[in-house]
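A short worksheet on the structure shown next.
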Amino acid sequence: MTINDSVKKILVSEEEIETIVCSLADKLNFRYKDKEVVLILVLKGSVIFCADLMRKLTFPVILETMKVSSYGSGTVSTGELSIDLDIKTDISGKHVLIIEDIIDSGNTLYKLKKMLGARNPESIAICTFLDKPERREADITADYTGTVIPDEFVVGYGLDYDEKFRELPYVGVLGEWVYEK
Ligand code: PRP
């Protein structure tokens, strides 16, 4: 495996990602057996995770996308949430599963869950690939978590730094030399 020049170490390898995604899919397949679920893919970071996960689901899904943002171009959350793209489906009476790549401060998901919850879904749950609990500011916990990671700046598997590195097939820790210049 080649480590990108900007990545100082691999935190979650491709093999570990496969194991994590299978384990999450097993739990979801048990929970939602025979139910239709609206998957809400939160752009852009969760694109790769969602694509991997949904192919392992055995219950019917409706895929919706939302674009929200709580970050600027740097590494620190501003706590502000703007809805740039909303879903088209009426989720009233439906099972909703929000798919995220990472929960960091939790500000994005706290506000998003509250907003979607006000549309009267039958149920609403969060599935996140990564959780960084040390950074939490908002009172939010995922219902399904792939893996907990330390407070390091991670990229790859959909996660970016300044829109770069999303294509890396693993989750890596970004070298300080990339953002401290
Ligand atoms: C990232 C990530 C989550 C959010 C988590 O999205 O995908 O949505 O930040 O941070 P928080 O828990 O501190 O709110 P980002 O706004 O960077 O957009 P992107 O997915 O398009 O990269």
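Since the structure is predicted, the reported quantities are computational estimates derived from the model, not experimental observations. Ligands are counted one by one from 1 in listed order, and the atoms in each one are counted from 1 as well.
Residue Val42 places no N or O, backbone or side chain, under 3.5 Å from any N or O of ligand 1. For ligand 1, the polar-atom distance check finds an N/O of Gly106 within less than 3.5 Å of one of the ligand's N/O atoms.
Using a 4.0 Å cut-off between heavy atoms, Asp101 contacts ligand 1 through its side chain alone, with no backbone atom that close. Contacts with ligand 1 closer than 4.0 Å are made by backbone heavy atoms (N, CA, C, O) of Leu43 only, the side chain lying farther away. Both the backbone and the side chain of Asp104 come within contact range of ligand 1, each with a heavy atom under 4.0 Å. In Met66, neither the side chain nor the backbone holds a heavy atom less than 4.0 Å from any atom of ligand 1.
The contact set between ligand 1 and Ser105, taken as ligand atoms under 4.0 Å from a residue heavy atom, comprises 11 (P), 12 (O), 13 (O), 14 (O). Near Asp160, meaning under 4.0 Å from any of its heavy atoms, are these atoms of ligand 1: 22 (O). Close approach to Glu100 involves these atoms of ligand 1, each under 4.0 Å from a residue heavy atom: 2 (C), 3 (C), 7 (O), 8 (O).
Proximity of Lys67 to ligand 1 is established by a heavy-atom distance of less than 4.0 Å. Ligand 1 is never approached by Glu137 to a heavy-atom distance shorter than 4.0 Å.
No salt bridge links Lys164 with Glu167; every basic N to acidic carboxylate O contact stays at or beyond 4.0 Å. With respect to the salt-bridge test (charged N to carboxylate O, under 4.0 angstrom), the residues Glu176 and Lys8 qualify.
Arg31 meets the salt bridge (Lys or Arg N to Asp or Glu O under 4.0 Å) test with no other residue; sequence neighbours excluded.
Using a 3.5 Å distance cut-off with no hydrogens or angles, the side chains of Ser92 and Asn120 do not pair a donor with an acceptor. Checked by atom type, the side-chain pair Asp162/Tyr179 shows no donor-acceptor distance below 3.5 Å.
For the side chain to side chain contact (heavy atoms under 4.5 Å, CB included) with Val7, the qualifying choice from Val171, Leu168, Val173 is Leu168, the only one to do so.
Comparing Val68, Ile99, Ile102, Ile103 against atom 5 (C) of ligand 1, the shortest heavy-atom distance belongs to Ile102.
Under a hydrophobic-cluster definition in which Ile, Leu, Val, Met, Phe, Trp and Tyr are linked whenever side-chain heavy atoms come within less than 4.5 Å, directly or via other members, Leu116 and Tyr32 are assigned to different clusters.
Ring centers of Tyr170 and Tyr157: at least 6.0 Å apart, outside the cut-off.
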